[in-house]
Amino acid sequence: MTGSLCYGLSLPSVVVGAAILLRLVSGSSGNLVFEVQNKFKFNGRDSSLSELRSHDARRHGRLLSAINLQLGGNGNPSETGLYFARISIGTPPKDYYVQVDTGSDILWVNCAGCSKCPVKSDLGIKLTLYNVNESSTGDMVTCDQDFCTSTDNGPLPNCKPNLLCQYNVAYGDGSSTSGYFVKDSVHLDRVTGNLQSSTSNRSIVFGCGNKQSGEFDSSSAALDGILGFGQANSSVLSQLATSGIVKKIFAHCLDGKKGGGIFAIGDIVQPEVKTTPLVPNQPHYNVVMKAVEVGGDVLQLPTDVFDTGTQRGTIIDSGTTLAYLPEEVYDPMLKKILDKQPQLKLYTVEEQFTCFKYLESVDDAFPEVTFHFEGSLTMKVYPHEYLFKISEDAWCFGWQSSGLQSKDGKDTTLLGDLVLSNKLVLYDLENQAIGWTEYNCSSTITVKDSTTGAMYRVGAYDIGSTSTLIARRILMFLLLFASMLHALL
C-alpha cells in the first residue's frame, strides 16, 4: 500500500519501512552490528505470496528515511520477506524484538498500559512491554526538552512543565501508533577485534507506544516495535552520530542463498563500493535511474519515466520484499524477458503473480536485468533472483507493476530485497550517497575504527526463528494446492 504518513506534535514526517529483527551490536568507536531474523519464508517456507504483496502494500504506506546489525533470515523473496532483530533496553536490560527500517526514523516499542498492543506473536517470540518505571536509567522526555523542540522545529504550542513529549504516527493502511518519548540505555555490542565484540550502552530517546491500531494490534507476525534508521534527528542513527559514537554510514548484506547476512554501522572499508548520489531533500533513499537493460538490450522508455518528484522516482528500500516498476517499464521489461521463452504457458497465482512451469536452470534460460544509475553505477539482477519457486517445477516473477500495487505510487520505482539480496549495500549519509556491489553475504566485511584506525572483520549472522508458524504453513499448503490444481486443468 502507498499512503500518506502523518505525525503528531513531536515528529517530522517519517516512513516506517524495512522490517528487520535485530540484535543490536555496536562497533568500537563507531561500528555496530546486529542479529537479524527474517519474518517470512518461502520454498519450504512459512508465508503465502499474497502476504509478501500485503506486507509491501502496508510498508509503502509508511515509507520515509535509514545501524550495524547481525542478520538472520533471507533477503530473497522466495525465501524470506522481512527481517527482525533483538535489542536490549533499560537497567536491568530486557530484550525486545523490533522491525529494523531503513525507511523510517524513530525507534518505538510497546509499553506497559498500552491499549490494543499484541500480547502474543505467531513468530514464536516472547513479546515484552517496556516499563520506564522498572528501569533505573529510564526517564520521561518532556515537551520543553531539546529533543522534542528540535523534532517539531521549534517550541511546542501550549507546552507546560512536566507535559510529556508525545508522538503520533498514522500510516496509509490505517495502522497507527501513538505514545510519548522516553530516554533509556540501549545496550550495544562494541566491535573490539576480528569477529569479537563487548557490550556497552548508550542513552537513546525512543517512543513508548501506549496505543496501537490496525496491523500493529494483530498477533500475526507481531513484534515489540520498530527501529527506524532514517536521516532525521530523531533516529537512533542520528542520535548515535550526534554523540560521536558512529558516523552516519551503514551497510547491509542480505544473504539470499543461505539466509541471514550482515548489517553494520560505521566506516566500511571492505569491500569497496561504487556509489551514486542520493537525490537531495527527499524523505526516502531516492536515486536517479537512467536506463533498464534486458539481456544486453536497453529498453526504449519514455524520457521522463524515472524523473523524481511527488510520488515519482526510484527508491532503494530494504523494507520492501519485491520490486515495483511503473507500467511503462514493467510491461516492456516483462515482454523482453518472456521473448526468450515464447513456449512458456503462463498462469496467475493468487490473482497477482505471473507464474509458469519450468524444470531446467532459469539462469540458463532467462536474461539478466541490469539497472543503470547516475554516476555509471549499475545493478545486475540474475534470473534466480527475480524468479522464485513456489514448488519443485513452478516459478513466479518477483517483478510487480507499481500501478497494480497503488494508484498513488503508480509512477514510483521501488527496489526491495528482490534485487538487493546478495549485495553489500552501503548508505553513506556523510556524503549523501548510496551504492552496492555483488558480495558473498555469508562472509565478512571490514570496518575501520575511526579513532585508532584499526581494521576489524565483522561476520554474518542468522538468528533463525525458534518456531514454525502453523498459520503460514497452512497458507503455503493452499498455495501449493492451487498450483497443483492448475496443473490438472
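Nothing fancy with the numbering, it's 1 onward along the sequence.
Counting only distance, with no hydrogens or angles, the side chain of Thr308 and the backbone of Gly313 share no donor-acceptor pair below 3.5 Å. Ser421 contributes no side-chain N or O that, together with a main-chain N or O of Leu418, makes up a donor-acceptor pair within less than 3.5 Å. Judged by distance alone, the side chain of Asp105 and the main-chain N or O of Ser234 form no donor-acceptor pair under 3.5 Å. Between the side chain of Tyr439 and the main chain of Thr444, a donor-acceptor pair closer than 3.5 Å is present. Panel note: side chain Glu430, backbone Lys248; a donor-acceptor pair is recorded below 3.5 Å. Looking only at distances, no side-chain donor or acceptor of Asp428 sits under 3.5 Å from a matching main-chain atom of Ala433. Without hydrogens or angle criteria, Ser402 side chain to Leu325 main chain gives a donor-acceptor distance under 3.5 Å. Side chain of Gln239 to backbone of Val205: a donor-acceptor contact under 3.5 angstrom is found. Not one N or O on the side chain of Asp255 forms a donor-acceptor pair closer than 3.5 Å with the backbone of Gly261.
For an aromatic pair to be called close, the ring centres must be under 6.0 Å apart, and Phe397 with Phe356 satisfies this. Between Tyr358 and Phe366, the ring centre distance stays below 6.0 Å.
Within 6.0 Å of the CG atom in Asp304, the count of heavy atoms belonging to other residues, nucleotides or ligands exceeds 12.
What you find for Phe147 and Asn233 is that their closest heavy atoms are CE1-O, 4.5 Å. The two atoms that bring Gly435 and Val273 nearest to each other are C-CG1, 3.3 Å, heavy atoms only. Heavy-atom minimum distance, Lys448 versus Val269: CB-CG1, 3.7 Å. Counting all heavy atoms, side chain and backbone alike, Gly207 lies closest to Tyr167 at CA-CE2, 3.6 Å. Counting all heavy atoms, side chain and backbone alike, Pro367 lies closest to Pro383 at O-CG, 3.6 Å. For the residue pair Val419 and Ala323, the shortest heavy atom distance occurs at CG1-CB, 4.3 Å.
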Query raised in the report: Given the rule in the side-chain contact (heavy atoms from CB on, under 4.5 Å) test, do Val279 and His284 qualify, once you have shown the distances and angles that lead to the verdict?
Result: CA-CA 9 Å; Val279 178; His284 313 290; over 6 Å; no

Report task. Might you work through the side-chain hydrogen bond (donor to acceptor under 3.5 Å, both in side chains) test for Gln341 and Gln343, ending with a clear yes or no? Result -> CA-CA 6 Å; Gln341 295 292 330; Gln343 78 284 1; 2.5 Å; yes

Query - Verdict with supporting geometry, Thr276 and Ile434, side-chain contact (heavy atoms from CB on, under 4.5 Å) - result: CA-CA 6 Å; Thr276 186; Ile434 187 172; 4.0 Å; yes

Query raised in the report: Please walk me through it: do Leu223 and Val98 pass side-chain contact (heavy atoms from CB on, under 4.5 Å)?
Result: CA-CA 6 Å; Leu223 298 169; Val98 293; 6.0 Å; no

Query raised in the report: Run the side-chain contact (heavy atoms from CB on, under 4.5 Å) check on Tyr427 and Leu278 step by step: do they pass?
Result: CA-CA 9 Å; Tyr427 301 75; Leu278 287 170; over 6 Å; no

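Interatomic distance, CD1 of Ile204 versus CD1 of Ile106, reported as 13.0 Å (0.5 Å rounding). A distance of 14.0 Å separates NZ of Lys380 from CG of Asn422, quoted to the nearest 0.5 Å. Atom CD1 in Ile445 sits 12.0 Å away from atom CZ in Arg457 (nearest 0.5 Å). Note that CE of Met333 is 13.0 Å distant from CD of Glu327, once rounded to the nearest 0.5 Å. If you take NZ on Lys423 and OG1 on Thr437, they are separated by 9.5 Å, rounding to the nearest 0.5 Å. One distance of note links CG of Asp417 with OG1 of Thr321; it measures 6.0 Å at 0.5 Å rounding.
Residue pairs meeting the disulfide (SG to SG under 2.5 Å) criterion with at least one member in residues 416-461, sequence neighbours excluded: Cys253-Cys441.
With contacts defined as side-chain heavy-atom distances shorter than 4.5 Å, the pair Phe306/Leu301 qualifies. For the pair Ile226 and Thr177, the minimum side-chain heavy-atom distance is 4.5 Å or more. When side chains are defined from C-beta on, Thr413 does not count as touching Val329, because their heavy atoms never get closer than 4.5 Å. At a threshold of 4.5 Å between non-hydrogen side-chain atoms, the residues Val287 and Leu415 do not count as touching. Counting only heavy atoms from C-beta outward, the side chains of Trp436 and Leu420 never approach each other to under 4.5 Å. Side-chain atoms of Arg202 and Val186, non-hydrogen and from C-beta on, never get closer than 4.5 Å to each other. Annotation: side chain of Ile337 is in contact with side chain of Val294 (closest heavy-atom distance under 4.5 Å).
Using a 4.0 Å cut-off between charged side-chain N and carboxylate O, Asp339 and Lys335 make a salt bridge.
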Can you give the donor-acceptor pairs under 3.5 Å from side chains of residues 371-378 to other protein atoms, not counting sequence neighbours?
| residue | atom | partner | partner atom | Å |
| --- | --- | --- | --- | --- |
| His372 | NE2 | Glu293 | OE1 | 2.8 |

